[in-house]
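All remarks here apply to the structure that follows.
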Protein chains: 2
Amino acid sequence: MRYRVAVTTIRDLARLADVSVATVSRVFNNPEVVSQETREHVLRVAARVGYQPNESARTLATKKSYMIGLIWDTDHRRPGWRHPFLQEILIGLKTALSERGYHLLLLATSEREDSDKDVYLRAVKRHNLDGVVFIDNGTRDPALDVLAASGVPCVSLDRPVSGPRTTYVTSDNVGGARSAVARLHARGCRTIATITGPVRTRPGAERLDGYRAELAALDLPYRPELVVEGDFYLAGGYAGMRRLLDLPHRPDGVFVAGDEMAVGALRAITEAGLAVPEDVALIGFDDIELAALVPPGITTIAQDKAGFGTAAATALVEMIDSAEDEAPPPTVLPTTVVLRGTA
Amino acid sequence: MRYRVAVTTIRDLARLADVSVATVSRVFNNPEVVSQETREHVLRVAARVGYQPNESARTLATKKSYMIGLIWDTDHRRPGWRHPFLQEILIGLKTALSERGYHLLLLATSEREDSDKDVYLRAVKRHNLDGVVFIDNGTRDPALDVLAASGVPCVSLDRPVSGPRTTYVTSDNVGGARSAVARLHARGCRTIATITGPVRTRPGAERLDGYRAELAALDLPYRPELVVEGDFYLAGGYAGMRRLLDLPHRPDGVFVAGDEMAVGALRAITEAGLAVPEDVALIGFDDIELAALVPPGITTIAQDKAGFGTAAATALVEMIDSAEDEAPPPTVLPTTVVLRGTA
DNA sequence: CTGAAAGCGCTTACAG
DNA sequence: CTGAAAGCGCTTACAG
């Protein structure tokens, strides 16, 4: 006993209610199978003594823990990595999962070696996790593929993975990027540049695709010098914008593939003595809190942040509850354009 | 069997290694008690078959789960509540806890009723949690007091709680506020105002205390009209600053008790056509990411964000490992002043 | 509708 | 140093 709280076991409760432990168990797991009278009686006694089934014992017996592992690699290979809206995702996940009776276990896997191909799978087995959600950190992690291949229900955020019971949720990056370019064009921009995310990341690559697609749709030429690769951070946006401003024929509109980079880009423009949006219009991506706070407000493509959590929870529970080895199709969340001061 | 992964039990391993299950168990929990030869042999076989002890069974047998509950009430009574640096705290906690062998379980307690005085305690019992960390959300939650009183090891962030095995970690809010006022004074400000946090919150009240203390130390009069209460959000900072600017004798320096409010205050000053820091100097609190990003950069009192996680983990594990009913003293993290453009 | 019993995968006195 | 056995708190066929 580690704390002073009296802990009532199913055996205690059975004795107090004068029934067998099997009956008590049924009252909680299969209520329809026990007579109304005994059921109510047991429930009453249970409430009086504050009975709580021990989840470890339950998990041991059923192989189901009602716990979902959250893989969110905070310091492996990329110490400074920050998710643009982790808090929103966590809230969405936690809420949606708890409505379905699941808890979230933050898997601490920081001190592992690179060669360790099944850290995650091991953790899943050890803790009898029912499923896993994986938050992409932009690095290729072989341990994730091992997990996905294992048949453990698994949903990934912003990073396609394949496996018998694996799916992912992502924003409509292509569509979002297209509407950004379209908006820039509609307000008169004719030389539209982009500062991309790292193109090895999925969102980075897709937003660039969208940029090109919309250019084509608008009959605007694609000019490689108008495309500079950023890093999703402020510094990359700043540096990227500097390069664009140095061009002999500078752009009058820029689609910046992330809001934090957009803040950097904005700063570069201002420092160059140019006006936003008059000289250069700017549209970001994400709609992080910061976007609304930086004057004059960054026009941006908003992602459905809470939607990530809800969609992930739904897909996960669907796979967990299904006997089949089949995964729901990827969820693609729509984006919306939020007009503010920069475009 | 919920997934296709072969799961080796201690029994399987014992058979394969040709020893008893007791010996296998000892190899993992009490290695020094088994002969080197058998130990190495068992370890070798274990590695070959990828043996993983089942944590649920282990918890059932030992009453120790190596899981810490995280109480972070996201939507109870205050839907829009956001922590200024939750992500940093989570990273710090997760890292420090994992070094000590613990995992973090996000307790989902959203759909409870107000009258439910022991949601947390129940969750702790159900899941055999070894301890709990509680992130303050500014509301008084009776369920927390019940938990603290129960004897479950418990550390609270930024909110004093008392109980046999309870402590808390907080920043030196008084000291931080004092150094802010001192800095303002040092750069020449003589009419120093403050925009406080909600004074019913601990950090709000303490930072106001610090403001008053430093005023007194500097022999500056305390003038109630120079104190306006904010809400820790941008809007409160903006509104508070508007009121201060309307004063017949407006302040030349303002200590704003949170960075997000400081951004709002900065905006109000700019809109009024005044210059920062020339007309009004500004110092915030927290050092959130935003503070560095908003031109000209907000001078602020930085909190040791990672320190919260580390200190909480240390205190928690200390209480868990101790047989006594005694809690380590509260941790008060030092603050540092970060000079940027506003003061 | 209900109970007795086996089993989930571990740990830990108790003997030897 | 090692093994046989009881026990942790549940669930779930199997009988009745």
Side-chain angles (χ1 to χ4, degrees), chain A residues 1-3 5-43 46 49-67 122 124-130, chain B residues 1-3 5-43 46 49-67 122 124-130:
Chain A
M1 196 84 5
R2 301 196 59 82
Y3 20 89
V5 195
V7 171
T8 320
T9 70
I10 197 174
R11 172 169 242 101
D12 301 331
L13 179 51
R15 194 168 11 233
L16 289 171
D18 205 40
V19 294
S20 71
V21 300
T23 296
V24 174
S25 178
R26 289 191 195 99
V27 167
F28 289 103
N29 300 305
N30 248 341
E32 61 285 2
V33 94
V34 7
S35 81
Q36 184 180 342
E37 194 188 8
T38 42
R39 191 195 326 141
E40 285 173 355
H41 175 236
V42 170
L43 252 16
V49 300
Y51 170 69
Q52 289 293 310
N54 180 318
E55 294 297 334
S56 302
R58 206 175 205 177
T59 298
L60 180 59
T62 62
K63 258 67 195 131
K64 189 154 166 43
S65 65
Y66 285 96
M67 290 198 304
R122 280 207 313 275
V124 166
K125 292 203 282 177
R126 285 182 85 109
H127 295 279
N128 301 101
L129 301 181
D130 295 336
Chain B
M1 195 84 6
R2 300 196 59 82
Y3 21 88
V5 196
V7 172
T8 321
T9 70
I10 197 175
R11 175 170 240 99
D12 300 331
L13 178 51
R15 192 167 11 229
L16 289 170
D18 206 40
V19 294
S20 72
V21 300
T23 297
V24 175
S25 178
R26 289 191 195 99
V27 167
F28 289 102
N29 300 306
N30 246 342
E32 61 283 4
V33 94
V34 9
S35 82
Q36 184 182 340
E37 194 187 9
T38 42
R39 191 196 325 141
E40 285 173 355
H41 174 236
V42 170
L43 252 17
V49 300
Y51 170 69
Q52 288 294 308
N54 180 318
E55 294 297 335
S56 302
R58 205 173 204 178
T59 298
L60 180 59
T62 61
K63 256 69 194 131
K64 190 154 165 41
S65 65
Y66 285 98
M67 291 198 304
R122 279 207 313 276
V124 167
K125 292 202 284 178
R126 286 184 84 108
H127 295 280
N128 301 101
L129 301 181
D130 294 336

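Just the heavy atoms: all of them, side chains too, but no hydrogens, waters or symmetry mates, feed the values below. So you know, we letter chains A, B, ... as the sequences are listed, proteins then strands, and number each from 1.
Within a 6.0 Å sphere centred on OH of A:Tyr66, other residues, nucleotides and ligands contribute 12 heavy atoms or fewer. Within a 6.0 Å radius of CD in B:Glu32, other residues, nucleotides and ligands contribute more than 12 heavy atoms.
In the set D:dG7, D:dC10, C:dT12, D:dG7 carries the atom at the smallest distance from any side-chain atom of B:Ala61. Nearest nucleotide to the A:Ile10 side chain, out of C:dT12, D:dT11, C:dG9: D:dT11. Distances were taken from every side-chain heavy atom of B:Thr23 (C-beta onward) to each of D:dG9, D:dT2, D:dT11; the shortest belongs to D:dT2. Distance from the side chain of A:Leu60 is smallest to C:dG9 among C:dG9, C:dC10, D:dC10.
Checked by atom type, the side-chain pair A:Ser56/A:Thr59 shows no donor-acceptor distance below 3.5 Å.
Phosphate proximity of C:dT11 to B:Arg58: present, with a side-chain N or O under 4.0 Å from OP1 or OP2. For A:Lys64, no side-chain nitrogen or oxygen approaches OP1 or OP2 of D:dT11 to under 4.0 Å. Taking 4.0 angstrom as the limit, B:Ser25 places none of its side-chain polar atoms (N or O) nearer than this to OP1 or OP2 of C:dC10. Listed pair A:Tyr51 / D:dG9 fails the phosphate criterion, with no side-chain N or O lying under 4.0 Å from OP1 or OP2.
Non-hydrogen atoms lying under 4.0 Å from DNA chain D are contributed by A:Asn29, all within residues 27-40 of chain A.
Contact record, B:Pro53 with B:Arg58: CG-NH1, 3.8 Å, taken as the closest heavy-atom pair. When all heavy atoms are compared, the tightest approach of B:Ser20 to B:Ala14 is C-CB, 3.8 Å. Here the closest heavy-atom approach between residue A:Val49 and residue A:Thr8 is recorded as O-OG1, 3.6 Å.
Heavy atoms of B:Thr9 sit under 4.0 angstrom from primed sugar atoms or phosphate atoms, though from no base atom.
Rounded to whole Å, the C1' atom of D:dT12 lies 16 Å from the corresponding atom of D:dG16.
Side chains of A:Leu16 and A:Tyr51 form no contact here, defined as non-hydrogen atoms less than 4.5 Å apart.
What separates CG of B:Asn128 from P of D:dG9 is a distance of 9 Å, to the nearest Å. Atom NE2 of B:His41 and atom P of D:dT2 are 12 Å apart (whole Å). B:Asp18 has its CG atom 13 Å from the C1' atom of D:dT2, to the nearest Å.
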Residue pair A:Asn54, A:Thr9: steps toward the side chain to side chain contact (heavy atoms under 4.5 Å, CB included) verdict | CA-CA 8 Å; A:Asn54 180 318; A:Thr9 70; over 6 Å; no

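Judged as a side-chain contact (heavy atoms from CB on, under 4.5 Å), and not counting sequence neighbours, the contacts of A:Val33 are A:Arg26, A:Asn30. For A:Ser65, there are no side chain to side chain donor-acceptor pair (under 3.5 Å) partners two or more places apart in sequence or in a different chain.
Paired runs in DNA chain C that reach 3 or more consecutive Watson-Crick or G-U pairs, where each pair keeps both distances under 3.5 Å, cover C:1-3 with D:14-16, C:5-12 with D:5-12, C:14-16 with D:1-3.
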Identify the pairs formed between an N or O of the protein and an N or O of nucleotides 13-16 of chain C at a distance under 3.5 Å, and give each distance.
{"from": "C:dA13", "atom 1": "N6", "to": "B:Arg26", "atom 2": "NH2", "distance (Å)": "3.1"}

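Going from atom CD of B:Glu55 over to atom CE of A:Met67 covers 9.5 Å, rounded to the nearest 0.5 Å.
Contacts classified as salt bridge (charged side-chain N to carboxylate O under 4.0 Å, His left out) and involving residues 12-22 of chain B (residues at least two apart or in different chains) are given here: B:Asp12-B:Arg15.
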